[in-house]
Each structure stands twice: as structure tokens, then as C-alpha cells.
Q: 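To start, I am sharing the structure in question, which I have written as C-alpha cells.
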There are 2 protein chains.
Amino acid sequence: MNSEFTARPTRPNRTDTSARASSGVSNTRETLMACMELLFFAYRDFIGDPDSMLERYGFGRAHHRVLHFVGRNPGLRVADLLVILRITKQSLAPVLKQLVDEGYVTQEAGQSDRRERHLYVTQKGMKLTDQLADLQMARIKEALESAGPDSEETLRRFLFAMIAEDERSNVARLIDGATNTGNQLTGSTT
Amino acid sequence: MNSEFTARPTRPNRTDTSARASSGVSNTRETLMACMELLFFAYRDFIGDPDSMLERYGFGRAHHRVLHFVGRNPGLRVADLLVILRITKQSLAPVLKQLVDEGYVTQEAGQSDRRERHLYVTQKGMKLTDQLADLQMARIKEALESAGPDSEETLRRFLFAMIAEDERSNVARLIDGATNTGNQLTGSTT
DNA sequence: CGAATTACGTCAGCCATGTTGACATACTTT
DNA sequence: AAAGTATGTCAACATGGCTGACGTAATTCG
């Protein structure tokens with residue numbers, strides 16, 4: 001017994017007060033709570049996909065993040081990466097070293113300033129990076145389809161608004177700069 | 001210079017091929033990529049709120065998760081918690097011990113089976129748990145409002161579909177059982 | 001009854017990922 | 001020449017995971 005998390009406790013005190021009363025649409029505490037928990041589980045599985053693939057390469061999430069952001073922003077400097085990932089150079093060092101040593105990422109001295117190390121994902125690296133991204137995008141795509149026709153626009157608005165206010169412009173610039181898809185974000189959320 | 005992550009590289013190769021071509025609505029690779037990155041940043045800030053509060057108590061995310069799930073499912077057994085959190089008892093032990101020692105959680109031997117330890121969040125614990133949840137729900141609520149009128153339903157559908165297929169029923173049961181809000185999830189996603 | 005199983009705890013050792021602080025090195029700027 | 005900057009590196013440490021092994025109490029099964 002108790003194989004998965006079918007396991008529910010004997011569950012006492014279920015008196016069903018509050019909530020449910022406002023059977024309507026508005027965001028009750030319970031509804032928001034459900035969103036919270038769903039976000040928790042959704043995100044877990046969202047990272048679960050790439051995690052298992054990364055394992056086979058001896059990489060972790062840290063490697064994934066580096067591959068992703070360098071892949072999307074070729075020529076990124078080490079300092080940029082640190083700011084994006086919000087980690088210290090000491091944390092990045094071993095991860096980056098491994099990626100460079102194993103040929104997934106290359107470094108090039110800057111032209112104007114030769115102290116700078118510009119990072120690039122190699123072909124070998126891009127292959128892995130794409131595989132990882134494809135896994136995650138496939139899950140998102142499916143979920144969007146099952147969520148309805150306008151779900152993608154709604155989702156983007158929601159996620160963007162979830163980001164700390166003083167970070168939004170940075171994120172918008174990052175995404176947008178890398179994708180060159182136009183100004184959906186900065187424009188639509190004003 | 002380079003204060004935040006204003007820092008963008010010199011950015012070479014921006015030739016703008018693919019994408020954008022299909023200017024329509026459909027989920028292009030670039031759009032999905034944007035969703036991916038937004039999800040990454042959104043989730044980071046979603047956890048950032050409680051993180052800073054937890055620090056003041058000397059707690060981490062692990063404590064938060066325990067408080068949350070025990071708080072929502074009073075009487076949960078240790079084994080249940082392990083399955084929900086997908087961690088080992090050795091990982092849980094120190095966290096749970098700290099919460100019990102400091103009076104945030106209590107344990108009670110089961111009535112029918114006295115080997116079982118049923119977990120309950122104390123009043124002191126509920127106060128903290130509620131504060132944490134309120135922080136996160138406030139962010140979600142705001143984001144939903146800024147995403148439009150039907151965004152909550154859409155979001156729930158999306159998130160639910162993001163969960164691994166063979167986990168959905170479990171999650172639905174968990175959320176639903178705890179909230180007693182009815183069968184929105186299990187019903188609407190079929 | 002006695003043996004096996006179960007729920008939980010605990011000890012020991014390991015790994016990944018993060019942190020600070022201090023310092024070295026190469027390069028640029030003043 | 002001196003100061004500042006971009007990066008790398010060493011050392012020590014914290015957190016939160018993991019596995020394996022073992023103990024203990026309680027239940028269940030033969």
C-alpha cells in the first residue's frame with residue numbers, strides 16, 4: 001500500500017468553511033492556492049525533462065543554464081553571465097571549466113578589450129542545448145494547446161507580470177534581444 | 001558600467017532568419033523559447049519572495065515545503081510527505097527535526113497504527129505558513145489581473161497540463177482533497 | 001507465539017551547488 | 001607609473017540532496 005502519493009492521510013478536520021462560498025470566478029484564496037501548488041508541480045516536471053538527459057552527460061542544472069544563456073546570447077561575457085544567473089564567479093568557474101574542457105563552450109578574448117572572455121557554444125554544445133530546449137518546448141507547446149487558443153498570449157502576460165517589477169525590463173531586453181521577435185513583451189504589458 | 005544585466009554583449013550574428021516569418025499567432029520556436037525563459041525568471045521571483053522571509057527564521061526552502069504541505073494536509077504521515085516531496089527520509093530528517101524542535105510542527109502517533117507519525121502544523125507554524133503563502137498568492141493574484149479576465153482558468157489548465165501525465169491524477173487529488181473546491185481540475189482537463 | 005514486515009529514526013560518508021574572502025594575472029585607463 | 005577592471009583560483013564553509021547500513025517499535029502473517 002501507499003505506492004505513489006495516492007497516500008492520503010486519514011484526513012480529519014475537513015469542515016469546508018470559507019472558499020467555495022463564492023462559487024463564482026474571482027480569485028479566492030483557495031483558487032490562488034491551487035495555482036501556487038500547480039506551479040510548484042508544473043515547474044518540477046518542467047525541469048525534470050532536461051535533468052534526466054543532463055545526467056547522461058554528467059552535467060547538472062548549472063551546466064544547462066550556462067548552455068542555454070550562452071547559446072542564446074553568443075559572445076556573452078563571463079560578467080554578463082554572472083549577473084543573469086545571479087551567482088558568483090567562484091560558483092560558475094568549475095561548471096564553465098567543465099563545459100570548455102569537454103568542448104561544449106569556447107572562450108575568445110575580446111577584440112577591443114582583451115581581458116574579456118566572450119563565450120560561445122560550440123556545434124557540439126548547440127546540439128545538446130537544442131535537445132534540451134526541444135524537450136522543454138515540447139512540453140510547453142502541448143500544455144498551451146490543451147489550455148486553449150489564446151493561452152500563449154495569456155501565459156506570457158502572466159509570467160511576465162510574475163517577474164519582479166524592477167527586473168522586467170531587463171528580462172524583456174534579454175529575451176527580446178536574443179529572439180529578435182519584436183516587442184511583444186515590452187509593448188503588451190504596459 | 002554593466003550594473004545589472006543591462007549588460008548585453010557586442011552581439012554579432014543577428015541575422016534574423018526563421019521565426020518572425022510566420023508572423024501569425026501559432027507557437028513558433030521563438031515564442032515557445034520566450035515562454036521557457038519567462039517561466040524560468042517568473043519562477044525564480046516566485047520563490048524569491050518567501051526565500052527572504054525564511055532566511056529571517058533560519059529556514060530554507062525545504063522547511064517551506066514541509067510547512068506548506070503539512071499545513072494543507074493535517075495529519076499527513078512522514079511517508080506521505082516523502083512521496084510528495086520526492087526526497088528521502090534522511091533528507092527530511094534534519095529539516096523536520098528543526099521544525100518540531102522549534103515548535104512549528106508537531107507529531108502524533110497514529111491511533112490505529114502507532115508506528116505512524118502524523119504531522120500537524122502548530123499555530124505558530126500556521127502563522128508563518130500563512131505569511132509565506134500570502135506573499136506568493138499576492139504575486140500570483142496581481143499577475144493574473146494583469147494577464148486578463150480569463151487568465152486564471154487558462155493558467156490552471158496550462159499548469160496542469162505541464163505536469164507529467166502519470167502524475168496529474170495524484171496532483172489533482174492532492175490539491176483538490178486539501179482545498180475541497182470541487183473538481184475543476186480533474187473535470188476540465190479531460 | 002514467533003517471524004517477517006513496516007514506519008520511522010539515525011549514523012556515516014558522499015556529491016552538487018552555492019557562498020565569502022583573499023589573492024594572482026593580465027590588460028586598460030588615467 | 002599607478003589605479004582600476006575582467007577574469008581565474010585557492011581555501012573554507014553551508015545547504016540540501018543522495019546511498020547504505022542499522023536500530024527500534026509496532027503490526028501482521030504464518
Side-chain angles (χ1 to χ4, degrees), chain A residues 1-3 5 7-10 44 47-48 50-52 54-67 70 75-101 105-119, chain B residues 1-3 5 7 9-10 44 47-48 50-52 54-55 57-67 70 75-101 105-119:
Chain A
M1 35 198 71
N2 176 20
S3 58
F5 70 64
R8 314 258 32 262
T10 40
R44 171 208 267 176
I47 357 193
D51 271 4
S52 34
L54 286 159
E55 249 179 53
R56 298 202 287 270
Y57 290 80
F59 293 156
R61 281 180 204 170
H63 302 84
H64 186 189
R65 290 194 285 268
V66 171
L67 282 174
V70 174
L76 206 65
R77 290 170 308 159
V78 171
D80 301 324
L81 195 50
L82 295 180
V83 177
I84 293 173
L85 300 179
R86 283 194 198 157
I87 59 174
T88 59
K89 60 182 174 177
Q90 295 93 326
S91 293
L92 176 61
V95 172
L96 186 54
K97 189 175 189 309
Q98 195 184 351
L99 288 171
V100 170
D101 286 351
V105 169
T106 55
Q107 296 176 320
E108 277 180 33
Q111 295 184 334
S112 50
D113 187 336
R114 292 180 40 215
R115 290 170 306 180
E116 297 176 347
R117 302 293 173 91
H118 295 263
L119 304 175
Chain B
M1 38 198 68
N2 177 19
S3 58
F5 70 64
T10 40
R44 170 208 270 177
I47 343 202
D51 271 3
S52 34
L54 286 159
E55 251 180 50
Y57 290 79
F59 293 157
R61 280 179 205 170
H63 301 84
H64 186 188
R65 291 194 283 267
V66 171
L67 281 174
V70 175
L76 206 65
R77 290 171 306 159
V78 171
D80 300 324
L81 195 50
L82 295 179
V83 177
I84 292 173
L85 300 179
R86 281 193 199 160
I87 60 175
T88 59
K89 60 182 173 177
Q90 296 92 327
S91 294
L92 177 61
V95 172
L96 187 54
K97 189 175 190 308
Q98 195 183 352
L99 288 171
V100 170
D101 286 352
V105 168
T106 55
Q107 296 176 320
E108 276 180 33
Q111 295 185 332
S112 50
D113 186 336
R114 293 180 41 215
R115 290 171 306 181
E116 297 177 347
R117 303 292 172 90
H118 295 263
L119 304 174

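Order of the sequence lines sets the chain letters (A, B, ...), proteins ahead of strands, with each chain counted from 1.
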Q: Kindly write out the residues that satisfy side-chain contact (heavy atoms from CB on, under 4.5 Å) with Arg65(B), not counting sequence neighbours, or none if the list is empty.
A: Phe40(A), Arg61(B), Ala62(B), Leu85(B)
Q: Return no unless some side-chain N or O of Arg117(A) is found under 4.0 Å from OP1 or OP2 of dA6(D).
A: no
Q: Rounded to the nearest 0.5 Å, what's the gap from CG on Leu76(B) to CG on Leu81(B)? Could you check?
A: 5.5 Å
Q: Using the test side-chain hydrogen bond (donor to acceptor under 3.5 Å, both in side chains), find all partners of Ser91(B) that sit at least two apart in sequence or belong to another chain.
A: Thr88(B)
Q: Step by step, would you call Val70(B) with Leu99(B) a side chain to side chain contact (heavy atoms under 4.5 Å, CB included)?
A: CA-CA 11 Å; Val70(B) 175; Leu99(B) 288 171; over 6 Å; no
Q: How far apart are the closest heavy atoms of His118(B) and Glu116(B), and which atoms are they?
A: NE2-OE1, 3.0 Å
Q: Rounding to a whole Å, what distance do you find between Leu99(A):CG and dG8(D):P?
A: 13 Å
Q: At 10 degrees resolution, what angle do the end axes of the helix from dC1(C)-dG30(D) to dT30(C)-dA1(D) form when each is taken over five base pairs?
A: 10°
Q: In whole angstrom, give the distance that lies between atom CG of Leu85(A) and atom C1' of dG18(C).
A: 12 Å
Q: Between P on dT7(D) and CG on Leu82(A), what's the gap in Å once rounded to a whole number?
A: 8 Å
Q: Going by the rule salt bridge (charged side-chain N to carboxylate O under 4.0 Å, His left out), which residues pair with Arg115(B) if we only count those two or more places apart in sequence or in a different chain?
A: Asp113(B)
Q: Distance check needed: dG8(D) C1' versus His118(A) NE2, whole Å only.
A: 16 Å
Q: Just the rounded figure in Å: distance from P of dG9(C) to CD of Gln98(B).
A: 16 Å
Q: Considering residues at least two apart in sequence or located in another chain, which fulfil the side-chain contact (heavy atoms from CB on, under 4.5 Å) criterion with Gln107(B)?
A: Leu96(B), Val100(B), Arg117(B), Leu119(B)
Q: Please work out if Gln107(B) contacts a base, only the sugar-phosphate, or nothing of the nucleic acid, heavy-atom cut-off 4.0 Å.
A: sugar-phosphate
Q: What N/O pairs connect the protein and nucleotides 16-18 of chain D at under 3.5 Å? Give each pair on its own line.
A:
residue: dG17(D); atom: OP1; partner: Arg65(B); partner atom: NH2; Å: 2.1
residue: dC18(D); atom: OP1; partner: Arg86(B); partner atom: O; Å: 3.4
residue: dC18(D); atom: OP2; partner: Thr88(B); partner atom: N; Å: 2.9
residue: dC18(D); atom: OP2; partner: Thr88(B); partner atom: OG1; Å: 2.9
residue: dC18(D); atom: OP2; partner: Ser91(B); partner atom: OG; Å: 2.5

Q: Just to verify, what does Arg86(B) make a side-chain contact (heavy atoms from CB on, under 4.5 Å) with, not counting sequence neighbours?
A: Arg44(A), Asp45(A), Glu167(B)
Q: Which residue pairs pass the salt bridge (Lys or Arg N to Asp or Glu O under 4.0 Å) test with at least one member in residues 91-100 of chain B, sequence neighbours excluded?
A: Lys97(B)-Asp101(B)
Q: Looking at residues at least two apart in the chain, or sitting in another chain, which of them share a ring-ring contact (aromatic ring centres under 6.0 Å, His included) with His64(A)?
A: none
Q: Return the value, rounded to whole Å, for the distance between atom CG of Leu96(A) and atom P of dT9(D).
A: 10 Å
Q: Distance check needed: dT15(D) P versus Asp51(B) CG, whole Å only.
A: 14 Å
Q: Could you write out each protein N or O paired with an N or O of nucleotides 26-30 of chain D at a distance under 3.5 Å?
A:
residue: dA26(D); atom: OP1; partner: Arg114(B); partner atom: NH2; Å: 3.3
residue: dT27(D); atom: OP1; partner: Arg114(B); partner atom: N; Å: 3.3

Q: If I take atom CG in residue Leu119(B) and atom C1' in nucleotide dG9(C), what distance separates them, rounded to the nearest angstrom?
A: 13 Å
Q: Would you name the heavy atoms of Pro94(A) and Gln90(A) that are closest together and state the gap between them?
A: CD-O, 3.2 Å
